[in-house]
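Quantities reported herein were computed from a predicted structural model and do not represent experimental measurements.
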Amino acid sequence: MMKYKVLLHESDEGIAVSCPALPGCWSQGETEAEAIENIQEAIQEYLAAVDEIAKDGKVREVEIVA
């Protein structure tokens, strides 16, 4: 399990939500709960796309202590 910080923004359509750690990863919902659920799906899809792009490359993981 991984945790990501997300930012909520009120918009004309409801609640927009972004994940600053994943550039371009945005979603929205009519309510905060719906927006959170939608960004969870967006993050999963984003990470799956990154895995697909990196699958043929030389990949390493690094650990960061905050």
Pairs under 3.5 angstrom only: tabulate donor-acceptor contacts from the side chains of residues 24-36 to other protein residues two or more places apart or in another chain.
| unit_1 | atom_1 | unit_2 | atom_2 | d |
| --- | --- | --- | --- | --- |
| T31 | OG1 | E34 | N | 3.1 |
| E34 | OE1 | E30 | N | 2.8 |

Between side-chain atoms of residues 41-66 and protein atoms elsewhere (two or more places apart, or another chain), which donor-acceptor pairs fall under 3.5 Å?
| unit_1 | atom_1 | unit_2 | atom_2 | d |
| --- | --- | --- | --- | --- |
| Y46 | OH | P23 | O | 3.2 |
| E52 | OE2 | K55 | NZ | 2.9 |

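I39 and Y4 fall within the same hydrophobic cluster, where Ile, Leu, Val, Met, Phe, Trp and Tyr residues are linked whenever their side-chain heavy atoms come under 4.5 Å apart, directly or through other members.
Rounding to the nearest 0.5 Å gives a distance of 5.0 Å between CD1 of I15 and CD of E10.
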